[in-house]
Amino acid sequence: SRKKFDLSINLYSGGASAFITRLTNARIRIGFSHSKKLRKANNVLVEHPSICQNATKVLAELLIPLGINKEQVRSGSSYYCLPEHQEKAKSLLPGNNVRYIAVNLGASTSDKRWPVRNIVALLAEVARDYSIVPVVFENPGQEYLAHEFKSLYEAHGKSTLLSGFEFPEEAAVLERCDVLISGDTGLMHLGSAVKTPVFAFFLVTRPEPVMPDDCPFHACMIEINDAMDEFGWRECGWCRLGWDISVDFAVNEFRGFVKNKLGWSE
């Protein structure tokens with residue numbers, strides 16, 4: 001590019017980001033120092049910090065040369081929905097003394113997904129305590145999961161399948177829900193960004209790098225204290241996680257979350 005910027009901050013630090021940094025022609029180019037390409041592309045280098053913290057705090061280290069302490073940066077994100085999208089969400093989910101539970105079934109890899117039949121069983125138990133309507137988000141390429149849920153849940157009550165919505169409308173629907181049940185996925189991050197309480201299953205990944213501090217969030221997980229450590233988590237004092245979370249365990253965790261953290265009353 002012929003345009004000259006004053007400042008470039010390389011948040012990604014991978015792939016072609018070093019090349020893109022050089023294309024900015026920025027006078028000040030801030031980046032991490034852990035690779036030869038980054039050291040060559042940037043002229044203000046920051047030592048790559050420990051990963052044993054929230055990912056936002058890791059990225060906030062790049063702001064230190066600008067005089068910004070990472071403790072000034074919150075662990076979280078925000079997405080603001082436009083009124084027209086909120087109105088559409090309200091027409092879809094009018095309220096009427098029910099609690100809307102957003103359900104995200106998909107994930108980038110199968111080992112991040114808690115089985116659909118287990119989520120159905122979880123919500124069937126929740127429906128004993130509260131008047132609920134599950135709002136199921138259809139994941140592109142994994143639509144079969146949403147249809148499997150709808151078929152299995154029919155015996156327990158009504159559910160709403162969200163299909164064909166644009167991203168801003170989807171965010172507004174998620175914002176209107178009372179809680180989101182999800183795996184460790186992009187929709188989980190969107191849920192916390194619109195400040196919908198999140199109940200997330202962590203089966204192979206750890207919650208510490210992604211937990212926000214500005215939204216109710218519960219990590220449903222089982223720690224296994226053994227010698228296996230394929231991700232290097234022992235350096236952080238973390239155990240690996242087990243994928244075999246029982247329905248009974250999840251039901252107790254969910255009930256505790258909505259009662260103690262969200263103030264739901266039966």
Side-chain angles (χ1 to χ4, degrees), residues 9-15 17 49 51-63 70 72-82 85-86 89 93 100-114 119 134-143 145-146 149 162-163 165-221 231 233 236 238 241 243 245 250 253-254 257-258 261-262:
I9 303 175
N10 187 343
L11 295 174
Y12 178 42
S13 299
S17 66
I51 63 170
C52 302
Q53 57 183 321
N54 186 276
T56 304
K57 298 295 186 182
V58 172
L59 296 177
E61 301 260 350
L62 290 168
L63 303 179
K70 71 176 183 178
Q72 296 174 262
V73 179
R74 64 188 169 98
S75 299
S77 58
S78 295
Y79 182 90
Y80 300 99
C81 301
L82 295 176
H85 300 136
Q86 292 174 323
L93 309 179
Y100 294 110
I101 300 182
V103 181
N104 176 40
L105 303 165
S108 57
T109 57
S110 60
D111 56 0
K112 286 185 175 184
R113 299 199 307 255
W114 204 48
I119 293 180
V135 181
V136 185
F137 286 72
E138 195 173 75
N139 306 97
Q142 298 178 347
E143 293 86 354
L145 296 172
F149 177 95
L162 194 70
S163 177
F165 274 40
E166 298 293 333
F167 181 87
E169 298 168 338
E170 189 175 71
V173 170
L174 188 52
E175 180 186 50
R176 189 160 175 77
C177 290
D178 295 278
V179 67
L180 165 66
I181 295 176
S182 177
D184 181 11
T185 70
L187 199 65
M188 178 193 76
H189 299 296
L190 180 59
S192 62
V194 298
K195 309 311 169 198
T196 295
V198 176
F199 182 86
F201 289 96
F202 286 84
L203 308 176
V204 292
T205 55
R206 293 286 314 192
E208 290 84 356
V210 297
M211 287 182 68
D213 58 16
D214 57 358
C215 174
F217 190 101
H218 182 80
C220 185
M221 62 186 188
F231 298 107
W233 286 335
C236 306
W238 303 337
L241 300 180
W243 60 269
I245 297 175
E253 292 277 297
F254 187 87
F257 177 55
V258 299
K261 292 300 176 86
L262 305 186

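Treat the numbers as computed from the prediction; the structure is a model and nothing was measured.
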Given the rule in the side-chain contact (heavy atoms from CB on, under 4.5 Å) test, do Leu203 and Asp111 qualify, once you have shown the distances and angles that lead to the verdict?
-> CA-CA 7 Å; Leu203 308 176; Asp111 56 0; over 6 Å; no

Report yes if some heavy atom in the side chain of [X] is under 4.5 Å from a heavy atom in the side chain of [Y]; otherwise report no.
X	Y	result
His218	Pro197	no
Ile51	Pro209	no
Leu162	Glu169	no
Glu175	Tyr79	no
Asn104	Met188	no
Leu62	Asn10	no
Pro168	Leu82	no

Rounded at 0.5 Å granularity, tell me how far [atom1] in [X] sits from [atom2] in [Y].
X	Y	atom1	atom2	result
Leu105	Leu187	CG	CG	10.0 Å
Ser77	Asp214	OG	CG	7.5 Å
Glu253	Met221	CD	CE	9.0 Å
Leu145	Arg113	CG	CZ	5.0 Å
Leu241	Thr205	CG	OG1	7.0 Å

Contact summary for [X] and [Y], nearest pair of heavy atoms:
X	Y	answer
Pro49	Val58	CG-CG1, 3.7 Å
Pro212	Ser192	CG-CB, 3.8 Å
Ala102	Cys177	CB-SG, 3.7 Å
Leu262	Pro216	CD2-CB, 3.7 Å
Trp238	Cys52	CH2-CA, 3.9 Å
Gly106	Thr185	O-CG2, 3.3 Å

Pick out which of Trp243, Phe201, Phe202 makes a ring-ring contact (aromatic ring centres under 6.0 Å, His included) with Trp114.
-> Phe201

Just by modelled atom types, is the [Y] backbone N or O under 3.5 Å from a matching donor or acceptor in the [X] side chain?
X	Y	result
Gln142	Ala107	yes
Thr196	Leu180	no
Asp178	Tyr100	yes
Lys112	Val204	no

Pick out which of Thr56, Leu59, Asn54 makes a side-chain contact (heavy atoms from CB on, under 4.5 Å) with Val73.
-> Thr56

Step by step, work out the side-chain contact (heavy atoms from CB on, under 4.5 Å) result for Val173 and Gln86.
-> CA-CA 7 Å; Val173 170; Gln86 292 174 323; over 6 Å; no

Do other residues, nucleotides or ligands put more than 12 heavy atoms under 6.0 Å from Gln72 CD?
-> yes

Other residues, nucleotides, ligands: >12 heavy atoms within 6.0 Å of Trp233 CH2 | yes

Stepwise, does the side-chain contact (heavy atoms from CB on, under 4.5 Å) test hold for Lys57 with Ser75?
-> CA-CA 7 Å; Lys57 298 295 186 182; Ser75 299; 3.3 Å; yes

Decide if the gap between the ring center of Phe165 and the ring center of Phe167 is smaller than 6.0 angstrom.
-> no

When you look at Lys195 and Ser78, which way does the side-chain contact (heavy atoms from CB on, under 4.5 Å) test go after all the steps?
-> CA-CA 8 Å; Lys195 309 311 169 198; Ser78 295; 3.7 Å; yes

Hey, can you tell me if Phe257 and Phe199 have their rings parallel, tilted or perpendicular (30° and 60° cut-offs)?
-> tilted

